[in-house]
Protein chains: 2
Amino acid sequence: MPPVRTYHHGNLRVTLLAHAERVLAEGGELSLRELARRAGVSHAAPRRHFADKQQLLDELALDGFRRLGAHLSAALDEASYDERMLAWARAYVHFASEHRALLDLMFAGKHRSAAMSEAANQAFASAFALFQEGQATGAIIAGDLERIATPALATFHGLAELINAGMLRAEDLDVLVADATERLALGLRPRSVGG
Amino acid sequence: MPPVRTYHHGNLRVTLLAHAERVLAEGGELSLRELARRAGVSHAAPRRHFADKQQLLDELALDGFRRLGAHLSAALDEASYDERMLAWARAYVHFASEHRALLDLMFAGKHRSAAMSEAANQAFASAFALFQEGQATGAIIAGDLERIATPALATFHGLAELINAGMLRAEDLDVLVADATERLALGLRPRSVGG
DNA sequence: ACCTGAACACCGTTCAAGT
DNA sequence: ACCTGAACACCGTTCAAGT
């Protein structure tokens, strides 16, 4: 009897990435040899599709930014007009804490490929648009968009990192996010003269 | 001629930690075998002082929190009364970006030993005290201290993580920290009735 | 074009044995 | 009490060889 499938036809690359996502979600250690085993190929086979381990990790991170972007956009679409900032923030920290290992990969390296930088920018684009719109309607102070939005987004990224680091109680997260959103809105509000 | 020192008398534990700090600072990969090589002992020798690799990493993180705490306290001591929040924030992000690998270790695990949790709390204690004092003088709104301070500290932690992830330009950091500090102060300010 | 199998240079961890 | 040296079970990466 010949083996059912000696060669992995056509989709080993996709199969490996899928197994990698699962290992990440399971919280397991990611090794190329383990992924090869799960795919039923030799340990040297992944080399045909990824030059090295880092390249596979980069693909995972790239996909992570795309998923994050889609998740955030969806949250904004569902939210009522006045609560979009809160909805964005909630979506961000929940994505982060539900994809802890993936988030680590996404924010791990100091250097990113062009594709990954682009995906990262895209992921944050909806939030920047929200701030820009806030400026247009006068809800948010005028000024350089990057300077205004970045510290605010850093707040939620920081909360996400702290929860993943185990330094915040998970049950406190929602109230902290809500508080942060409220404080930020106040801090970003234009002040009347003399105010 | 006998070997100068076959046995490492007394301080191998300290020696290993010192080499580990140096490897971290150099941005190199931390392996027990490499540390043993640097210390001039066999690869099995570290086992006498650290049950496993994680235990050594935990000691590094513990020391990291102690150094961070000292660094933040020193920054507060040097700052003028009105600029302590800004001084704290600057000190935090600078420590983080100057000790990138160490910070990753400190905030890596979801679970911390009692000693490490204690050191982490101590590191942040001076900032909490600052907020508490702000509440006492009326510069900061009343309410649960944790709920008020955490989102603010998360902002700076977030900025630190983003800079270490290469998502912010290092030359923009100081202005972002200053902006964030100003916005937070405004958002945390008590509002007069009707304000 | 894609995969295998052996090989190489690393790991962390264990353990009997040395001093 | 502390360290060594061999051993074991893993890695990532390379490369000649197979189909």
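Reckoned from all heavy atoms, side chains included, excluding hydrogens, waters and symmetry mates. By convention in this document, chain letters (A, B, ...) are assigned in the order of the sequence lines, proteins followed by strands, and residues within each chain are numbered from 1.
Pairing for D:dC15 goes to C:dG5, judged as Watson-Crick or G-U wobble with the two contacts each under 3.5 Å. Under the Watson-Crick or G-U wobble criterion, with both distances below 3.5 Å, C:dC10 is left unpaired in every strand shown.
Using cut-offs of 30° and 60° on the angle between ring planes, the pair B:Phe124 and B:Phe107 is perpendicular.
Nearer the 5' end of DNA chain C, as judged by each residue's closest nucleotide, is the contact made by B:Ala44, out of B:Arg48 and B:Ala44. When each of A:Ala45 and A:Arg33 is assigned the nucleotide of DNA chain C bearing its nearest heavy atom, the one mapping closer to the 5' terminus is A:Ala45.
For the pair B:Leu16 and B:Leu32, the minimum side-chain heavy-atom distance is 4.5 Å or more.
In this structure, B:Arg47 atom CZ and C:dA16 atom C1' are separated by 14 Å, rounded to whole Å. A:Glu29 places its CD atom 14 Å from the P atom of D:dC10, with the value rounded to the nearest Å. Atom CZ in A:Arg37 sits roughly 16 Å away from atom C1' in C:dT4 (whole-Å rounding). Atoms CG (A:Leu30) and P (D:dC10) sit 17 Å apart, rounded to a whole Å. One can place CG of A:Leu16 at 12 Å from P of D:dG12, the figure rounded to the nearest angstrom. A straight line from CG of B:Leu32 to C1' of C:dT14 spans 13 Å, rounded to a whole angstrom. Rounded to an integer number of Å, the gap from CD of B:Gln55 to P of C:dT13 is 10 Å. Rounded to whole Å, atom P of D:dC10 lies 18 Å from atom CG of B:Asp52.
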Could you walk me through whether A:Asp63 and A:Arg67 pass the salt bridge (charged side-chain N to carboxylate O under 4.0 Å, His left out) test, one step at a time? CA-CA 6 Å; A:Asp63 189 53; A:Arg67 285 157 62 192; 3.7 Å; yes

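Residue A:His43 is classed as a base contact, given a heavy-atom separation below 4.0 Å to a base. Across all strands, B:Ser31 comes closer than 4.0 Å only to sugar-phosphate atoms, never to a base (heavy-atom distances).
Contact annotation: B:His49 side-chain N/O to D:dA1 OP1/OP2 distance is not under 4.0 Å.
For the pair A:Arg90 and A:Tyr92, the cation does not sit on the ring face, since its NZ or CZ is not both under 6.0 Å from the ring centre and inside 45° of the axis. A cation-pi contact links A:Arg84 to A:Tyr81, judged by a cut-off of 6.0 Å to the six-membered ring centre and 45° from its axis.
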